[in-house]
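Chain identifiers are assigned alphabetically (A, B, ...) following the order of the sequence lines, protein sequences preceding nucleic acid strands; residue numbering begins at 1 within each chain. Since the model is a prediction, treat every value here as computed from it, not as a measurement.
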Number of protein chains: 2
Amino acid sequence: MVEKKTIKLDDVAKLAGVSKTTVSRVLNNRGYLSEKTIKKVHEAMDELNYRPNAIARQLFKQKTNLVALVFPTVDNPFFAELEAELEKRFDRLGYRVLMGNSQNNPKKERDYLKLLLNHQVDGLIVGSHNQGISEYKKTTRPIVSIERFVGKQIPVVSSDNYQGGLLAVQRLLNDGCKHIIHTNYPINLVSPNELRQQAYEDLMNKHNRKPITYSVSFDVSDEEKERVFRKMFQEHPEVDGIFADNDTNASLIIRIGKEFNRHVPDDLKVVGYDGANITRMLSPELTTVQQPIPEMATKAVELLLQLINGKTDVKSVTLPVKLINSTTA
Amino acid sequence: MVEKKTIKLDDVAKLAGVSKTTVSRVLNNRGYLSEKTIKKVHEAMDELNYRPNAIARQLFKQKTNLVALVFPTVDNPFFAELEAELEKRFDRLGYRVLMGNSQNNPKKERDYLKLLLNHQVDGLIVGSHNQGISEYKKTTRPIVSIERFVGKQIPVVSSDNYQGGLLAVQRLLNDGCKHIIHTNYPINLVSPNELRQQAYEDLMNKHNRKPITYSVSFDVSDEEKERVFRKMFQEHPEVDGIFADNDTNASLIIRIGKEFNRHVPDDLKVVGYDGANITRMLSPELTTVQQPIPEMATKAVELLLQLINGKTDVKSVTLPVKLINSTTA
DNA sequence: TTTTATATGTCAATCGGTTGACAGAAATTT
DNA sequence: AAATTTCTGTCAACCGATTGACATATAAAA
């Protein structure tokens, strides 16, 4: 087998009869160059089918144009849409995007942080919900978080969780629900969505109702989730309204409800959360609080770029949410 | 502001009172080293909070441990699950994964191919459906495709599309459907799922029925898709069975069907395709042909690694599909 | 005691581009 | 004709880690 040698800048220079620097100038459009030389160099590059080695360039420039997205998984409509929107925007700006699906595994989250610290990526967007990753406190390198508190120095992009909670619960109240239950992640996870629970409790208390919350961790199996929701219907047969923490769970709750002979929207009203495209497509009948995913992506990219470009006083932002009415109820 | 200097290997060497090579030996566990030296070096690294520069290492090693996934979008249950499964497997093997959502845009697909040729990634997994990307023919670098024919040299991982087509149509026939319509991508896209159409037509012909296919391009707006499906119901009011090209379209068709007062499964039977987790979660009532996504990911990773490791006769594989019965019908 | 194996460490070239410093030639000004 | 500006191009250091070649010291074997 013929050993295929990598063509390097030097080979191009030799063939074109110029120096390495001249070739580099042609590549980077730098300094003064004669038309003749440019042509010669381009011909040599074509003839040799030359491809500059990006790694060498990155080493010198101290920049990779890579960012990493650290989220629990891409296999979830909210994160999938968010990551897709982020990728689209970064791509336009000349950044490539590393997928870091942490599965809510602190080790993997740390690994990606190491990537950042090893100069392999220029910045990080974190949306996974691990706690106690102390490394975040040690670094001043560019990190933006989405819907999660990470540390004092790290700007957060989130949607208005308190308002979202109000919208959802108010809707259930308006629809005449008497016994409203809330499902949420375990609140020990440092996430702004505990504000939803706050809103739920505030509104319930205001109406002299007793708030009841069922917690389901994000990363347990579907079977475990089903178990919890069955328990919910068993322990609270009076329930007639549910404010679910996300649309997938809302959908699951509706299915479990059917087992208990509850039918939406007659016997049971459910409001979900997130309102991602895919969910709207596959479950259009679901009422939900929609997070402004494209806008959140835009903001997160904007903030990360500010950090990458050396800005120091980068501020967190909160974006408004919207109640999406179901198509059937 | 204090300029924060990057700590490099040389700084560690100086603090530990040894040479650069010695530090490198400690880092890479190479050659003979005294316990004492190892300890000294580690202490120096800790004290300086040293992080090796991965780019420099990559330059020397001529390996980035990066692979790119080029798919139309991650915002689709099938691709999302596939990419998540791929990422999980690559991560275990020490590879980081670049997201390349091509939106079926040939330019973006070419850009990612360039990344490969620029030595920025060690391999590529392509699943987007662009045509005429001639660059693929020029390269011998590691590429594996999923559910798509790219070129003679490039191994393909696909599921058994012909069998999937048979299962879907046979199911509709068994359920007593008399007028079955198939929806598909425009077949000019070089994809093995034209085999589904083949199966549909073969089976229809065998039963002396006239095959009717409606084509919807993958990347048009939801509104356009709705338009096409409405047209389908208008032009063929007799339709009582539909074999859809994917679950999202199946869900959309069911919704449009309701507009025409067709109710599943009484007046209309629909079989979707893909059977991704998210879809099963959000639309459990949908009958579908399930592709073995985890197995496809496993195979694709396996083949790509063979290529990366220099194997030359890497063979394409086809994996079996499964009909998933709806929960309600 | 001499030879050989094992342990410890240093030097300098290398991976493949990039760019500041500098030099000579041609064009323009004074 | 001399001085200045504009082109065109070369040289060598540099980005940061890796490793083959080599030197010396110590321990084990002959």
note = Between B:T37 and A:S24, whichever has its closest DNA chain C nucleotide further toward 5' is B:T37
task = Would you kindly give the NZ-to-P distance between A:K20 and C:dG17, to the nearest whole Å?
result = 8 Å
message = What I'd like to find out is whether the side chain of B:L15 reaches to under 4.5 Å of the side chain of B:Y50, using heavy atoms alone.
response = no
key: Protein-nucleotide distance (B:R57, atom CZ; D:dG16, atom P), rounded to Å   = 14 Å
task = Could you check which of D:dA17, C:dT18, C:dT10 has an atom nearest any side-chain atom of A:K61?
result = C:dT18
remark   = Between the CD atom in A:Q103 and the OG1 atom in A:T73, the distance rounded to the nearest 0.5 Å is 5.0 Å
Atom pair distance, as rounded to whole Å: OH in A:Y50 and C1' in C:dG16 = 7 Å
query = Ion pair present between B:K299 and B:E302, side-chain N to carboxylate O less than 4.0 angstrom?
reply = yes
task = Give, ordered by number, those residues of residues 27-36 of chain B having at least one heavy-atom distance below 4.0 Å to an atom of DNA chain D; if nothing qualifies, reply none.
result = B:L27, B:N28, B:R30
task = Tell me which nucleotide among C:dT18, C:dT10, D:dT18 gets nearest to the side chain of B:F60.
result = D:dT18
key: Overall bend - the helix from C:dT1-D:dA30 to C:dT30-D:dA1, comparing terminal axes fitted on five pairs, nearest 10 degrees   = 40°
query = When you measure from the side chain of B:T22, which nucleotide among C:dG9, D:dT10, C:dT19 comes out closest?
reply = C:dG9
key: Any donor-acceptor pair under 3.5 Å from A:T64 side chain to A:Q120 backbone   = yes
query = Taking OP1 and OP2 of C:dT18, is either one under 4.0 Å from a side-chain nitrogen or oxygen of A:Q62?
reply = no
task = May I ask you to test the A:V126-A:V150 pair for a side-chain heavy-atom distance under 4.5 Å?
result = yes
inquiry  = Can you tell me how far apart CD (A:E85) and CG (A:N277) are? Round to the nearest 0.5 Å.
reply    = 7.5 Å
request  = Taking B:D11 for its side chain and B:K8 for its backbone only, find out whether a donor-acceptor pair lies under 3.5 Å.
outcome  = yes
request  = Whole angstrom is fine here: how far is it from CD1 in B:I55 over to C1' in C:dC15?
outcome  = 13 Å
All N/O pairs under 3.5 Å across the protein-nucleotides 21-23 of chain C interface:
none

note = Between CG of A:L9 and P of D:dC15 the distance, given in whole Å, is 19 Å
query = When all nucleic acid strands are considered with a 4.0 Å heavy-atom cut-off, which category describes B:Q58: base, sugar-phosphate, or nothing?
reply = nothing
query = Less than 4.5 Å apart, any side-chain heavy atom of B:S19 and any of B:R25?
reply = no
ask   = Roughly, in whole Å, what's the span from CD1 in B:I38 to P in C:dA7?
value = 12 Å
ask   = Under the criterion side-chain hydrogen bond (donor to acceptor under 3.5 Å, both in side chains), which of A:K152, A:R141, A:E109, A:R110 is the partner of A:Y136?
value = A:E109
query = Taking C-beta and beyond as the side chain, do B:I125 and B:I146 meet within less than 4.5 Å on heavy atoms?
reply = yes
query = Heavy atoms, side chains only, cut-off 4.5 Å: are B:I143 and B:L113 in contact?
reply = yes
Spacing between B:D10 atom CG and C:dC11 atom C1', to the nearest angstrom = 13 Å
task = Quickly work out the B:K14 NZ to C:dT10 P distance and round it to whole Å.
result = 13 Å
key: Exercise: do A:S24 and A:T21 side chains pair donor with acceptor under 3.5 Å   = no
